[in-house]
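Presented below is the structure to which this report refers.
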Amino acid sequence: MLASFQNEILVAARLLLGGAFIFAGLRNIVNATFLTQLITDRGVPQAGLALWVGIALQVVAGGLVVVGIWTAPAAAGLILFLVVATIMFDNFWDHQGPERAARINGFVANVALTGGFLSLMAQPL
């Protein structure tokens, strides 16, 4: 029975994964000033440029995942985004207490999202 819904499940997976990144990218546009300062404080050179490249990657690659065009390259781009964002923002090793726990949760969530994108990359084009 599950096999008969395989295509619908894949469409739902693409919608959920890609849609989350479209939403996050659009939300980041609204918070661009705050995020630029946060990235600057983390020591990232060209923080504003890095932010806008990340936003473009989130929205464009997320959209490609949703519509199922170039899904594997788009998923690979979002995996790269997750790796960089995890290093920049989920640095639990630099924190203690509740802040450390929150950053560990973000780290684990990004690992799980990476797994979702890897599974999309394994699907036939």
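For reference, positions follow the sequence shown, starting with 1.
I39 and F34 fall within a single hydrophobic cluster, where Ile, Leu, Val, Met, Phe, Trp and Tyr are joined by side-chain heavy atoms under 4.5 Å apart, directly or via other members. A continuous path of Ile, Leu, Val, Met, Phe, Trp and Tyr side chains, each step under 4.5 Å between heavy atoms, connects M88 with I29, placing both in one hydrophobic cluster. Under the 4.5 Å side-chain heavy-atom criterion for ILVMFWY residues, a single connected hydrophobic cluster contains both L80 and V59. Under a hydrophobic-cluster definition in which Ile, Leu, Val, Met, Phe, Trp and Tyr are linked whenever side-chain heavy atoms come within less than 4.5 Å, directly or via other members, V111 and V108 are assigned to the same cluster. Residues L118 and L57 share a single hydrophobic cluster, defined by chaining ILVMFWY side chains whose heavy atoms lie under 4.5 Å apart.
With rounding to the nearest 0.5 angstrom, the CD atom of Q96 is 12.0 Å from the CZ atom of R103. To the nearest 0.5 Å, atom CZ of residue F21 and atom CG of residue L16 are 12.0 Å apart. Residue L15 holds its CG atom at 8.5 Å from CD1 of I22, rounded to the nearest 0.5 Å. To the nearest 0.5 angstrom, I79 atom CD1 is 5.5 Å from T114 atom OG1. Once rounded to the nearest 0.5 Å, the distance linking CG of N110 with OG1 of T86 reads 3.5 Å. In this structure, the separation between CG on L10 and CG on L120 is 6.5 Å, given to the nearest 0.5 Å.
Using a 4.5 Å heavy-atom threshold, the side chains of V66 and R14 count as separate.
Here the closest non-hydrogen pair linking V44 and A50 is CG1-CB, 4.1 Å. The two atoms that bring I55 and G25 nearest to each other are CG2-O, 3.7 Å, heavy atoms only. When all heavy atoms are compared, the tightest approach of T40 to A47 is OG1-CB, 3.2 Å. In plain terms, the two heavy atoms of A61 and L78 that are nearest each other are CB-CG, 3.7 Å. Considering all non-hydrogen atoms of both residues, A75 and V65 come closest at N-CG2, 4.2 Å.
Atom CD of Q46 has 12 or fewer neighbouring heavy atoms from other residues, nucleotides or ligands inside a 6.0 Å radius.
Considering N31, T33, L35 as possible partners of L51, the one that fulfils the side chain to side chain contact (heavy atoms under 4.5 Å, CB included) test is L35. Of the candidates W93, F92, F89, F92 is the only one forming a ring-ring contact (aromatic ring centres under 6.0 Å, His included) with F107.
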Kindly indicate, with the supporting measurements, whether the criterion side-chain contact (heavy atoms from CB on, under 4.5 Å) is fulfilled by T71 and M121. CA-CA 7 Å; T71 304; M121 291 175 71; over 6 Å; no
Take N91 and D94 through the side-chain hydrogen bond (donor to acceptor under 3.5 Å, both in side chains) test and state the conclusion after the steps. CA-CA 6 Å; N91 55 325; D94 290 335; 2.9 Å; yes
side-chain contact (heavy atoms from CB on, under 4.5 Å) evaluation trace for F117 with L17: CA-CA 8 Å; F117 285 120; L17 283 167; 3.9 Å; yes
